[in-house]
Amino acid sequence: MAQFGSLSDRLTETFRNLRSKGRLTPSDVDGTVREIRRALLDADVALEVVKAFTAAVRERALSDEVNRALNPAQQVVQIVNEELVGILGGQQRRLEFAKRPPTVIMLAGLQGAGKTTLAGKLGKWLKKDGHTPMLVAADLQRPNAVQQLQVVGEQAGVHVFAPEPGNGVGDPVKVAKNAIKAAVDQQYDTVIVDTAGRLGVDAELMKQAANIRKAVDPDEVLFVIDAMIGQDAVNTARAFQEGVDFTGVVLSKLDGDARGGAALSVASVTGRPIMFASTGEGLDDFEPFHPDRMASRILDLGDILSLIEQAQGAFDEEEARKVAEKIASDSFTLNDFLEQMQQLRKAGSIKGMLGMLPGAKGMREALDNFDEREIVRTEAIIQSMTPQERELPKLLNGSRRLRIAKGAGSTVTEVNALVNRFEQAAKMMKTVARGGVPQMPGMGPIPGMHGGKKQQQGGKKKSKVGNPAKRAALAAGAAAAPQQAPKGSGLGLGGGKGGKAPTEEELASLQKFLGR
């Protein structure tokens, strides 16, 4: 996940150095604030925003509240988190819909910011939410802009109003006016107007955008800005605010943002909230912007709420219940396995979802090396099987596996690996469903837990000692040993007299064993 990658790494490293300190001195705070300032400036955050942010953090970090805290380092992280939420806009702001439809949403921004694609993403998102949106091709300047919007609209399943061919032909103000009338007649409750952009801020651009705004009187004007343009974001945002004014900001190309300065600057400088973020090239890579969740991602604290919402949108509760029953009854098949993978793909990028977990920055290398196409290859292998083979994997002999490998464009080794992984996964899920603890591949059974193999009662037969005196001494020692013999596990835990709980030393030894 590239969102704020460099900034997040720098801040995480700064806070890691604080955690070893039991008490923070003014010099510690100054050093931390200095590192935060450098990280923000390297991320292209506007200088005025950096000054205000670091001054607020320093003042709060030197307060008595932090000095009296049991863990000052955590207090400082909390302060930075709260200040980040503040400069990102504070509370999330939702779209405001008109009391009498249609609701008019106008998109404005520079050319190349991604307005046309974003219009399709917003239209699809609104359609999923139960609205009936219509896209309006009012960008009549850029070559093939009208055709691009028609293609995007078709992919999103949203109607496109495009009476003019574009390429310099037609009046965008007239098109926008007529679109409102068409929306009323055809009962579309939302109109998204895609306006023209320029390579730079100029008077002609502002005049045209202002005329469209005056003609359609939009309920929302969304300023679309490329999240990678850095310091220019502030100047561009101010120019649009003075020339057109806008009610909210949309960050595009956030998936390619290695620094994130635009996001951290625009909301603070303009006073307008960031409402949406485009996180990828697909039409589904679009989400409402939550300042508190984004601040947590930047500080590597995770974003569990967004992860849950994403999963809930893709997984069917009734289907999940049926799968759980199949696992418990040992009837989970490759068909069910295929359906689960397809649902996982619908939830979005697996890298993106894993990146929402707390501490995900520590898995950065593993996430970067993860190939999501592996799921597609796995689907191809399963889909190359017959229905009978999917129900009964035991039918897969050598010739069948060779046929499947050729049909999926893979190798027999990959087919064998998939079948082995499926059998292991099904066995582990069945054990968990029945209340046991599964035996992890490559590990022995966990001592003291159900689900492992039973220990042998006798153990290996001992040889007889030849010396009579030594044999008598060993026999006397064995008679005293049963009182101390462990019963609970191979580590001697929980086997005391009367079934007493293990001591702290025993628990520590168990944790040390499991942590290897």
Side-chain angles (χ1 to χ4, degrees), residues 3-4 45-46 49 52-53 56 81-109 113-115 118-119 121-131 133 189-195 209 213 216-227 233-234 236-238 240-242 244-254 257 260-279 285-299 303-310 313 356:
Q3 296 176 18
F4 306 101
V45 180
V49 177
F53 179 83
N81 182 55
E82 291 171 0
E83 294 297 329
L84 270 178
V85 173
I87 67 171
L88 286 170
Q91 297 294 323
Q92 183 206 13
R93 219 256 290 158
R94 299 175 178 271
L95 284 174
E96 292 184 0
F97 293 93
K99 294 180 180 178
R100 292 182 59 187
T103 298
V104 181
I105 302 172
M106 175 180 165
L107 303 182
K115 293 190 303 299
L118 191 106
K121 292 182 177 184
L122 180 57
K124 188 173 184 179
W125 182 79
L126 287 168
K127 187 177 180 181
K128 283 183 180 177
D129 205 31
H131 295 279
D189 71 353
T190 313
V191 177
I192 303 170
V193 184
D194 178 29
T195 63
R213 173 167 188 164
V216 300
D217 190 22
D219 300 280
E220 295 277 11
V221 180
L222 301 183
F223 173 53
V224 183
I225 189 167
D226 185 341
V234 174
T236 306
R238 279 180 170 151
F240 270 88
Q241 189 174 22
E242 293 171 3
V244 184
D245 200 6
F246 49 85
T247 59
V249 179
V250 180
L251 293 174
S252 65
K253 307 178 187 178
L254 197 58
D257 180 21
L264 296 175
S265 302
V266 173
S268 180
V269 169
T270 65
R272 300 291 187 268
I274 302 172
M275 296 175 64
F276 295 100
S278 175
T279 57
D285 298 328
F286 179 78
E287 60 186 37
F289 189 87
H290 298 267
D292 53 340
R293 300 183 190 181
M294 189 57 68
S296 293
R297 291 191 204 183
I298 293 173
L299 297 179
D303 185 2
I304 299 301
L305 286 176
S306 293
L307 182 60
I308 292 171
E309 289 175 1
Q310 202 166 332
M356 294 179 190

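This chain uses plain numbering: 1 for the first residue, then up along the sequence. What's counted below: heavy atoms across the whole structure, side chains too, no hydrogens, waters or symmetry copies.
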Subject >> Straight-line distance of Leu251 CG to Asp226 CG, nearest 0.5 Å >> reply: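 Between Leu251 CG and Asp226 CG, I get 9.5 Å after rounding to 0.5 Å.
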Original post:
CE of Met106 to OG1 of Thr195: how many Å apart, nearest 0.5 Å?
Top reply: 5.0 Å
**OP:** Would you please classify the geometry between the Phe286 ring and the Phe276 ring as parallel, tilted or perpendicular, with 30° and 60° separating the classes?
**Re:**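 If you compare the ring of Phe276 with that of Phe286, the planes turn out parallel.
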Side-chain contact test, heavy atoms from C-beta onward, threshold under 4.5 Å: evaluate it for [X] versus [Y] and give yes or no.
{"X": "Pro273", "Y": "Phe289", "value": "no"}
{"X": "Thr236", "Y": "Phe223", "value": "yes"}
{"X": "Val45", "Y": "Ile87", "value": "no"}
{"X": "Phe97", "Y": "Leu126", "value": "yes"}
{"X": "Gln91", "Y": "Pro291", "value": "no"}
{"X": "Leu222", "Y": "Ile105", "value": "yes"}

Original post:
Name the one of Thr103, Leu122, Thr190 that satisfies side chain to side chain contact (heavy atoms under 4.5 Å, CB included) with Pro133?
Top reply: Thr190
Flag, side chain of [X] to backbone of [Y], donor-acceptor distance under 3.5 Å:
{"X": "Asp219", "Y": "Val104", "result": "yes"}
{"X": "Arg272", "Y": "Phe246", "result": "yes"}
{"X": "Thr247", "Y": "Val221", "result": "yes"}
{"X": "Ser265", "Y": "Ala46", "result": "yes"}

Original post:
Taking only residues two or more places apart in sequence, or in another chain, which ones meet Ala52 in a side-chain contact (heavy atoms from CB on, under 4.5 Å)?
Top reply: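 Listed in chain order: nothing, the list is empty.
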Original post:
Residues two or more places apart in sequence or in another chain: which of them pass side-chain hydrogen bond (donor to acceptor under 3.5 Å, both in side chains) with Glu83?
Top reply: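 Counting only residues at least two positions away or on another chain, Glu83 forms a side-chain hydrogen bond (donor to acceptor under 3.5 Å, both in side chains) with Arg60.
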